[in-house]
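Because the structure is predicted, anything quoted here is derived from the model rather than measured.
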Amino acid sequence: MSSDDATVPVSSLPPFGPGQHLLSVSQLDRAALTSLFGLAESLRPVGQGTQVCRILEGAMLGSLFFEPSTRTRLSFESAFQRLGGAVVSTTGFTFSSMAKGESIHDTARVVSGYSDALVVRHPDTGSVAEFADASVVPVINAGDGSGEHPSQSLLDLFTMRQELEARGKSIDGATIAVLGDLRYGRTVHSLLHILGLYSKVTFRVFGPPALALPAEFFEVVSASGNRIVECDSVGEAIGPADVIYCTRVQKERLSEQDEESVHLKGDLLNMAILTQYGRPDAIIMHPLPRDSRHNSFDLSPDVDDFPGLAIFRQTDNGLLIRMAIFSIALGVADHVTDDLRPAAWQRR
Amino acid sequence: MSSDDATVPVSSLPPFGPGQHLLSVSQLDRAALTSLFGLAESLRPVGQGTQVCRILEGAMLGSLFFEPSTRTRLSFESAFQRLGGAVVSTTGFTFSSMAKGESIHDTARVVSGYSDALVVRHPDTGSVAEFADASVVPVINAGDGSGEHPSQSLLDLFTMRQELEARGKSIDGATIAVLGDLRYGRTVHSLLHILGLYSKVTFRVFGPPALALPAEFFEVVSASGNRIVECDSVGEAIGPADVIYCTRVQKERLSEQDEESVHLKGDLLNMAILTQYGRPDAIIMHPLPRDSRHNSFDLSPDVDDFPGLAIFRQTDNGLLIRMAIFSIALGVADHVTDDLRPAAWQRR
Amino acid sequence: MSSDDATVPVSSLPPFGPGQHLLSVSQLDRAALTSLFGLAESLRPVGQGTQVCRILEGAMLGSLFFEPSTRTRLSFESAFQRLGGAVVSTTGFTFSSMAKGESIHDTARVVSGYSDALVVRHPDTGSVAEFADASVVPVINAGDGSGEHPSQSLLDLFTMRQELEARGKSIDGATIAVLGDLRYGRTVHSLLHILGLYSKVTFRVFGPPALALPAEFFEVVSASGNRIVECDSVGEAIGPADVIYCTRVQKERLSEQDEESVHLKGDLLNMAILTQYGRPDAIIMHPLPRDSRHNSFDLSPDVDDFPGLAIFRQTDNGLLIRMAIFSIALGVADHVTDDLRPAAWQRR
């Protein structure tokens, strides 16, 4: 379950494109990212329900969640249906045939025969790639344990880019604070990797010592030519930051280190800390869910009126990113926007 | 869990219309009811599968059942899809992010971003309204604990009206027997409220003493100008009744009052009682499910051939009512019937 | 739980056709089989995602799985949606109203009012027929305990026919080895029955003594004019076989007979056994799932490169068979192929 698992086996994957699996963000170079983000942006009216697209009419998505992740599932299923496709769905540990000793290979081969694409989430690192090997249709990785969750990384990057551009900035040259669980946080690790495609990024990281960033990620950032600074407090980390990326600290992971837990009182970030130390035009991001109970050492709901709070724009953007992913995998990326037409109904 | 919870907080809700939540039947006045019922009736061929409607093509319903209620969920999901829309669905207590401390606000805001409308059921009174506050799309309340379940009230009223009109009568002036659990029965309480929009209605109520109607509802009925009579037996209650509305008595609720349970033998209403005391043209209603095991003090299956048995017409009508609700919330009420066309397939 | 349950009550069912339930394969004669198989074959481009069909647009399938069977559910739900229809789905033991004492009759009547067809799986033999009695729309039996699972029988037969024809043979006159659990295996029993519609078939059966074929099935085969030979080993059974039909042996069923379990080592059938005893052009079938752990006395994954391995063609064909079943039940069998058009997206 070391984070090495996530990086090593994906290095030889083909570029993401028509008919291809999407198992790792490493399958996209910067040109592919730009193209995918442009496609996602052009689908915004569909995500907002003002335009309708039926280009995947008749296509079938198999949605296979071997561990529950309701909102990720809903986002993928909504995205595919927003493009006119239909979904067959299973969730939880209810895949009865696997309980009877069926291999991942057999399950994947059978279910892929019912579908034109699969989205798969599984608790075990590498299992989605194994699934993809036996599938006769493209497989989108929706998270495999401590491994990858590429659509999450892509929506983070897409949002960061959009928010920075709205302030006349870009990811190149940006300063990004990363707070919280730097040790186990999959989204943090993916972000440090994928931002290697951009230049002159400065990371300012802070987490409780027991949840500090593993040494290998300092090397990952340095190798890509970006800069990383370890900070001693949230205030120090966010001071000059254009973007503040928060993650949930699961305090139960710290229970053995009593003396440390004692110092984790209140919120990871709240309005008082933000006002005292942060930039007024800072962009606040979080992969969600956040723990909204106070004293949970997470992002406090008292920042919800802060204009730079982008956490719900992230999830809204997730739908667009997933529509773009499906458009590419099913080979309709060049045609999807020609297919838009006004919706007959009104959004609120 | 007092029934006050249901009535107090909804008083200031806006009228139900395009882009609005439907949290309470109190959001509809009599003109709105008449209009909604007309719309529901015009959609009957769609509910029966002889006509097809695609006006919501491309629209997405988020179906969020935080407690299971399979048939209500299926009815809502069928209704939305009957109009051409698509559904993403979750059920049970499986909303994993809420288990991690996520607030109702965050969950609602995120999921509403994937959808054009939400239907929400939750075990806690008032939680659906809290959900609606954070949603960016209209929320339809599918039941919140002892609170409201407006589509159930509306289908009851719609059916009652239709059945009475088929007999040359109307709700105004009708005599309605209400039997069973008058204390906890949410549908009974909602019915007494909503029928306040009609005039000269006489209620004849009978339930086991431990499940008697709370005093406040006598006031509710009187305040609306209708009349309510407490009866000592089923026979007395149903004698002159145009409509007999039965509800399930959960005998386990009576276990403490031993002497009382002893007298609750056999059925709440069966063919023998109906023939002896009731009108031959009586209309029998029930919110379902009914407990079909004998000695369960519920409506006996031996009435199933009685022509006035409307219990399955109620559930069939539920689909029409829910189609009408979605048409209104999504702003297509004036256009939906123009969109009907014959179905390509045959119903049995 | 005797296998008599499956055969006795279905004898008086009407032929399967428009508006009819499909409860048993006995509802199809050989002409009906030929017709259904032709329809299934003509829908292959839809199953493969190269053609699109929208003939059931606006139609609603109620998918009711009272016990989990994920892949069967996904196959049925995909099939209905591949034809343009929509699905409302429930799975597991979550039908809350039945837990409150609701009868199968009430549940079936209510839910059928939301749908144009139902697919029902239930753990109790005969319960799907009971369900069908109360339904106002056609019910497709997706398995009722030790009873029938007609779409599985039909996809087996369809695949067998197709594979034999590709070798210049036909089911008439074929030799079919049947291996594994002959005692409890529902698919085996159904196969022996339905192949009674074909002539000069020779069955060569082998199973562990504790899982031997019940005597009545020898009579079933003889009565239909076919021939059945009991073999003492896998090698003896498969020697001259055109088709080798394997089933999973659940070794836990043998735990009481210790001396027997001891002899069940390794695989039921693997490449070594196949090469030594079988025909090089043999067709290998299995209803799946297979237990891919070695020493599980099932079909070994080491046969996966054998060209005659048809197990995944079986499941692919299942989708076609289920599309054909729905087309017939909803009365569009004569029109469905006119409705095909090219898909806008590309399959991998």
(request) Decide yes or no on side-chain contact (heavy atoms from CB on, under 4.5 Å) for C/Val110 and B/Leu74, but give the supporting numbers first. (result) CA-CA 10 Å; C/Val110 170; B/Leu74 296 186; over 6 Å; no
(request) Calculate, to the nearest 0.5 Å, the distance between atoms CZ and OG belonging to B/Arg290 and C/Ser103 respectively. (result) 6.0 Å
(message) Please check: side-chain N/O of B/Gln81 versus main-chain N/O of C/Val87, any donor-acceptor pairing under 3.5 Å?
(response) yes
(request) Check whether any side-chain heavy atom of B/Arg73 lies under 4.5 Å from a side-chain heavy atom of C/Thr90, and answer yes or no. (result) yes
(request) Heavy-atom distances under 4.5 Å only: say whether C/Ser89 touches chain B with side chain, backbone, both or neither. (result) backbone
(request) Please step through salt bridge (charged side-chain N to carboxylate O under 4.0 Å, His left out) for the pair C/Asp116 and B/Arg82, ending with a clear verdict. (result) CA-CA 11 Å; C/Asp116 300 296; B/Arg82 284 282 192 202; 2.7 Å; yes
(request) Measure distances from B/Leu288 to the heavy atoms of chain C and classify the residue's part below 4.5 Å as side chain, backbone, both or neither. (result) side chain
(message) Counting only non-hydrogen atoms closer than 4.5 Å, does B/Ser296 touch chain C with its backbone (N, CA, C, O), its side chain (CB onward), both, or neither?
(response) neither
(request) Would you indicate whether the side-chain heavy atoms of B/Trp345 and C/Ile55 approach each other to under 4.5 Å? (result) no
(request) Evaluate the criterion side-chain contact (heavy atoms from CB on, under 4.5 Å) for residue pair C/Tyr114 and B/Asp316; output intermediate values, then yes/no. (result) CA-CA 7 Å; C/Tyr114 305 151; B/Asp316 287 351; 5.8 Å; no
(request) Would you mind checking if C/Asp106 and B/Arg71 are paired as a salt bridge, meaning a charged N to carboxylate O distance below 4.0 Å? (result) no
(request) Answer yes or no: is there a side-chain heavy-atom contact under 4.5 Å between C/Val111 and B/Thr70? (result) no
(message) As an exercise: rank C/Arg54, C/Met60, C/His105 by heavy-atom pairs under 4.5 Å with chain B and give me the winner.
(response) C/Met60
(request) Could you tell me whether the side chain of B/Ser292 and the main chain of C/Glu102 form a donor-acceptor pair under 3.5 Å? (result) no
